[in-house]
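Note sheet for the following structure.
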2 protein chains.
Amino acid sequence: MSYFTKLSSPPRVSPQPLSRVIKSDRTRAAILDSAFEFIWSHPFREMTVKSLMNQTGTGRSTFYRYFSDLHEVMEALLEMLQGEIFTAAQPWLTGVGDPVALMHETLDGLVRVCYQRGPFIRAMSDAATTDKRFEDAWKQFLEGFDDAGTARIESDQEQGLIPDFPARPVATSLNILDAYMLIEAFGQRPRKQQEPVRKALARIWVSTLYGSEWAEHKTSTLVRKS
Amino acid sequence: MSYFTKLSSPPRVSPQPLSRVIKSDRTRAAILDSAFEFIWSHPFREMTVKSLMNQTGTGRSTFYRYFSDLHEVMEALLEMLQGEIFTAAQPWLTGVGDPVALMHETLDGLVRVCYQRGPFIRAMSDAATTDKRFEDAWKQFLEGFDDAGTARIESDQEQGLIPDFPARPVATSLNILDAYMLIEAFGQRPRKQQEPVRKALARIWVSTLYGSEWAEHKTSTLVRKS
DNA sequence: TTATTATAACGACATTGTGTCATTAAGTCA
DNA sequence: TGACTTAATGACACAATGTCGTTATAATAA
């Protein structure tokens, strides 16, 4: 409803046209709001320009003044989501201390965010199959996690916390596991329960990286220096 | 080219209309061939009824005598794929003997089939996002593996080979891992190398189910009775 | 407040794809 | 070959996209 409308006029640092361009910002925000709302209760495949503009009061063709197509709207929404998810994943990706505990912290965060934004993330993943440009954007989003995960694994390998194996394919696999399991579980109402999902993911990540002896625990005696 | 044309006239056991319905079978097969070929070199999103019928010689509207829409074609193709993949997965799902060895056998088979059919499987997964009916068919296909995997895990748990945890969410997770990792790696040319993918998947499956101490080996001393 | 001007919104149009239907053509079998 | 069943066709209605020239409405300066 108001998610984007609230932020409709970003702080303008520019010199002259101080509040000259305000109306357009509000319309743009209205379109994003409309898409946000639409996605909450419909699959992405049912989204049309008409369906979005019906909710904004303005005519359909006005849409094209702000976005070149529906996927460009999704791209704008993805940017919003990106920060939220990446933040949730931080503990294990960059944190210091017991890596098993960090792992649980990260998965807790991811499950929480994805539960809350489920249908939204689902829509992103769906939209990625129908447009080359957005497919690339989505892929790049996922690759960000591959890079960060690979770095963390390699760093832990240097410290002897994780056995020596090629880090990237495992990091990629585990990220794909997260992404699509979370989309599957929370992407459509009724959403599944959080607890079994969290536990399954934790078991797989911990067993694979730190050893199955820690799979039942939320902490370990492994410690990360530096 | 000839994948379906060859099989165009299935052995008819029926009494009277022996070769009465032949022409229609050939056209249907031509459409399936056309779709099969199309998918090999184009993303699913570019497939149109026109693009398929151009390759068959017959006019566009004839398509609707055989299929109600593009997704129904995909459904027919999915059935073909289904057997191939399920067969490849059999060793671990139903086999007897060292489960780690069986696991490797199954993953080898899956990687081989998915490498060969990559763009094809990718198209299935893409098509599942754009049509409710086909989405259900695809989901049911995946659920088949969830059921079989869950059964195998529970059975191994009873024998003490796998620790006691809720089997289904882990089975689901690991299947999602396979499906989307294989699609990601082999779904578009140039396809990635098979070896790193195979190894990453094996590491994750084995560590999670049978313990990370077996992750480096192709066999174990665990044995399955019965 | 009003005039000026930038720009947002509109509606009609061309285009592409879908799915239907009455009609025509072709194939199958006696 | 002729009868007649069934496949193929092309025109049509519909839905959605994206463009463009025109109109209406903001914001600003007098």
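Each chain gets a letter, A, B and so on, in the order the sequences are listed, and its residues count up from 1.
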Determine to 10° how strongly the helix from C:dT1-D:dA30 to C:dA30-D:dT1 is bent, judged from the axes of its five-pair ends.
-> 10°

Does B:Thr27 put a side-chain nitrogen or oxygen below 4.0 Å from OP1 or OP2 of D:dA8?
-> yes

Output yes when at least one side-chain N/O atom of B:Thr62 is less than 4.0 Å from OP1 or OP2 of D:dT9, else no.
-> yes

Identify, with sequence neighbours excluded, every residue that meets ring-ring contact (aromatic ring centres under 6.0 Å, His included) alongside B:Tyr64.
-> none

Sequence neighbours left out, what pairs pass salt bridge (charged side-chain N to carboxylate O under 4.0 Å, His left out) with at least one residue falling in [range]?
{"range": "residues 170-190 of chain B", "result": "none"}
{"range": "residues 85-94 of chain B", "result": "none"}
{"range": "residues 126-141 of chain B", "result": "A:Arg45-B:Glu135, A:Arg122-B:Glu135, B:Glu75-B:Arg133, B:Arg122-B:Asp126, B:Lys132-B:Asp136, B:Glu135-B:Lys139"}

Per-nucleotide protein contact string for nucleotides 16-26 of chain D (B base, S sugar-phosphate only, - none; heavy atom under 4.0 Å) = -BBB-------

With heavy atoms under 4.0 Å as the rule, sort A:Tyr66 into base, sugar-phosphate or nothing.
-> sugar-phosphate

Residues which pass side-chain contact (heavy atoms from CB on, under 4.5 Å) with B:Arg65, listed by chain and number, not counting sequence neighbours | none

Under the side-chain contact (heavy atoms from CB on, under 4.5 Å) test, residues paired with B:Thr87 that sit two or more places apart = none

Roughly, in whole Å, what's the span from [atom1] in [X] to [atom2] in [N]?
{"X": "B:Asp25", "N": "C:dG27", "atom1": "CG", "atom2": "C1'", "result": "14 Å"}
{"X": "A:Met53", "N": "C:dA8", "atom1": "CE", "atom2": "P", "result": "13 Å"}
{"X": "B:Glu46", "N": "C:dG17", "atom1": "CD", "atom2": "C1'", "result": "15 Å"}

Look at the aromatic rings of B:Trp92 and B:Trp205 and report parallel, tilted or perpendicular, splitting at 30° and 60°.
-> perpendicular

Residues which pass salt bridge (charged side-chain N to carboxylate O under 4.0 Å, His left out) with A:Arg28, listed by chain and number, not counting sequence neighbours = none

